Amino acid sequence: MHKKRVFSGVQPTGNLHLGNYLGAIKNFVNLQNKFECVYCIVDLHAITNRQDPKELKSNILETVASFIASGLNPEKNIIFNQASVSAHSELAWVFNCVARIGWMNRMTQFKEKAGANKENASVGLMVYPNLMAADILIYKATHVPVGEDQKQHLELTRDIAKKFNNDFNCENYFPIVEPLIPKEISRVMSLRDGKKKMSKSEESDQSRINLKDDKDLIDQKIKKAKTDNDLIPSEIIGLKNRPEATNLISIYASLNDLSIEKVLKEFKGKNFSTFKSKLSESVVEKISPVGNEINKLLKDQSYLNKILEKGSKKADLIAKNNLKEIYDIIGLRKFS
Ligand code: AQP
């Protein structure tokens, strides 16, 4: 039996948004009272796409600030950045040798991110899921809170763990991780297109609510959010083929910890302009305090750096020990 341990990561690519919050960070906060949790700013993942070095450095601190502002306790959880713990990269190399090229070719995120010009994408972008598996398994984590978009990568992590355990005859060495995906809203969609994921890299800022948006901007974005002309239905079936309506209702449900059924009961027969003003109120109530706190924390960079330094030391201790064991299983000698 493996000790229960939570691991998850967020890329420091700027503009953390409502999707990151409802899909992942809100869950991180809930889990901190139940499990030992390791939360990582995955800066090495961020460089699979070109980053401006100055911006990257500042985005790393902004991500720590977002964690703390959302309610993560730096004393209770290990909060650190991936580049500070070299065992992540070392295990990723091992997993590059365990995972099969065919597995990589099936990853839909690579196809989406590489786009039409696949030949020109970085090799890092292609083997990104192996580094993600290493992030998780170097801590022998058992539970991983993520948005639904990461489900396929977690299935790959499970496959890698099984293959390693099998290839090296060490049954049960790596745990087979359990994804923890939010029920009411597993994927927050763009405010401009209900079929596309809300994303930091989407060009239009109107497509997302950033954690640092102020009340006026939130009101304006929600007012302009795409919907349809139908009224709010009384049953879930009435949301069928209505991706934008489903998205707004689900955001409201998730922000208020309600089921979709309950939200429909409350708003059935109403039009979206009435609903949108209630939704705006909820977003402002939950997100504005986080944004204000991020701005406050960013004024004390030495505090944020200290959190990372302390967290990195703790993470490194666990990771180094496990890497030694793993190298020994494989038959590698490690003298330093
Ligand atoms: N729209 C979303 N709905 C639900 N969950 C989401 N997550 C991201 N977008 C949504 C979850 O947030 C965590 C951190 O994600 P990430 O920033 O490391 O990477 P990402 O998934 O690639 O996020 P973006 O916004 O789409 O970034 P870009 O545009 O840079 O690619 C993960 O748990 C993710 O599931």
Side-chain angles (χ1 to χ4, degrees), residues 6-31 37-52 55-56 59-60 62-64 66-67 70 72 79 81-82 88 107-115 121-122 124-125 128-129 131-133 135-136 141 143-157 177-205 207-212 225 243-244 246-248 250-251 253-255 287:
V6 165
F7 177 93
S8 197
V10 173
Q11 293 188 68
T13 36
N15 281 340
L16 284 197
H17 51 72
L18 196 62
N20 299 124
Y21 181 78
L22 294 179
I25 301 173
K26 186 174 171 232
N27 231 353
F28 296 1
V29 177
N30 291 336
L31 290 163
C37 299
V38 184
Y39 294 126
C40 183
I41 291 142
V42 286
D43 43 15
L44 296 175
H45 281 287
I47 62 164
T48 52
N49 281 313
R50 202 181 167 86
Q51 302 292 329
D52 174 80
E55 262 178 42
L56 179 58
N59 283 336
I60 291 169
E62 190 165 318
T63 311
V64 190
S66 306
F67 280 1
S70 302
L72 281 185
I79 296 174
N81 68 308
Q82 195 182 23
H88 288 241
M107 295 296 111
T108 53
Q109 185 173 288
F110 174 73
K111 288 179 196 154
E112 280 162 22
K113 291 202 171 179
S122 71
L125 190 66
Y128 179 116
L131 177 58
M132 180 165 159
D135 297 335
I136 298 164
H143 294 79
V144 184
V146 280
E148 201 257 344
D149 58 312
Q150 292 300 325
K151 199 170 161 205
Q152 193 186 33
H153 287 165
L154 286 187
E155 275 157 16
L156 186 104
T157 300
V177 290
E178 287 295 331
L180 300 172
I181 297 175
K183 261 204 207 108
E184 294 312 335
I185 192 151
S186 52
R187 193 184 280 244
V188 180
M189 307 312 271
S190 154
L191 299 180
R192 310 300 300 156
D193 178 351
K195 292 198 188 89
K196 268 170 113 178
K197 183 180 95 149
M198 185 178 283
S199 150
K200 299 175 207 137
S201 52
E202 167 62 45
E203 227 170 274
S204 162
D205 193 58
S207 68
R208 62 181 163 259
I209 306 280
N210 303 303
L211 296 186
K212 290 203 306 180
E244 285 84 16
T246 306
N247 189 37
L248 297 186
S250 310
I251 291 174
S254 175
L255 280 170
I287 297 303

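Residue numbers count from 1 along this sequence. Atoms within each ligand, like the ligands themselves, are counted from 1 in listed order. As the structure is a computational prediction, the values presented were derived from the model and not from experiment.
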(request) Would you indicate whether Lys111, at its atom NZ, is surrounded by more than 12 heavy atoms from other residues, nucleotides or ligands within a distance under 6.0 Å? (result) yes

Heavy-atom distances under 4.0 Å are what count here, so tell me which part of [X] touches ligand 1: side chain, backbone, both or neither.
{"X": "Lys113", "value": "side chain"}
{"X": "Ala24", "value": "side chain"}
{"X": "Asp149", "value": "side chain"}
{"X": "His17", "value": "side chain"}
{"X": "Ser8", "value": "neither"}

Indicate yes or no: does an N/O atom of [X] lie under 3.5 Å from an N/O atom of ligand 1?
{"X": "Val42", "value": "no"}
{"X": "Ser186", "value": "no"}
{"X": "Leu16", "value": "no"}
{"X": "Lys200", "value": "yes"}

(request) Would you tell me which option among Ile185, Val146, Asn20 has the nearest heavy-atom contact to atom 12 (O) of ligand 1? (result) Asn20

(message) Judged on heavy-atom distance to atom 19 (O) of ligand 1, which of His45, Lys197, Gln11 sits nearest?
(response) Gln11

Starting from [atom], which protein heavy atom do you reach first, and at what distance in Å?
{"atom": "atom 28 (P) of ligand 1", "answer": "Ser201 OG, 3.5 Å"}
{"atom": "atom 4 (C) of ligand 1", "answer": "Gly19 O, 3.4 Å"}
{"atom": "atom 3 (N) of ligand 1", "answer": "Val188 N, 2.8 Å"}

(message) Any salt bridge linking Lys196 with Glu202? Criterion: basic side-chain nitrogen under 4.0 Å from a carboxylate oxygen.
(response) yes

(message) Tell me whether Lys197 is salt-bridged to Glu112, with the criterion being a basic N under 4.0 Å from an acidic carboxylate O.
(response) no

(request) Using ring pair (Phe, Tyr, Trp, His ring centres under 6.0 Å) as the criterion, list what pairs up with His17, not counting sequence neighbours. (result) none

Check ligand 1 against [X] and write out every atom of the ligand that is under 4.0 Å from a heavy-atom position of the residue.
{"X": "Thr13", "result": "30 (O)"}
{"X": "Arg187", "result": "3 (N), 4 (C)"}
{"X": "Gly23", "result": "4 (C), 5 (N)"}
{"X": "Met198", "result": "1 (N), 2 (C), 9 (N)"}

(request) Please work out whether the ring planes of Tyr39 and Phe28 are parallel, tilted or perpendicular, with thresholds of 30° and 60°. (result) parallel

(request) Classify the angle between the aromatic ring planes of His88 and Phe7 as parallel (below 30°), tilted (30 to 60°) or perpendicular (above 60°). (result) tilted

How long is the straight-line distance from [atom2] of [Y] back to [atom1] of [X], given to the nearest 0.5 Å?
{"X": "His45", "Y": "Met132", "atom1": "NE2", "atom2": "CE", "answer": "7.0 Å"}
{"X": "Asn81", "Y": "Thr63", "atom1": "CG", "atom2": "OG1", "answer": "10.0 Å"}
{"X": "Leu56", "Y": "Arg50", "atom1": "CG", "atom2": "CZ", "answer": "12.0 Å"}

(request) Give the minimum heavy-atom separation between Pro129 and Leu156, together with the two atoms involved. (result) CB-CD2, 3.5 Å

(request) Would you mind reporting whether Leu22 and Pro182 have side-chain heavy atoms less than 4.5 Å apart? (result) no

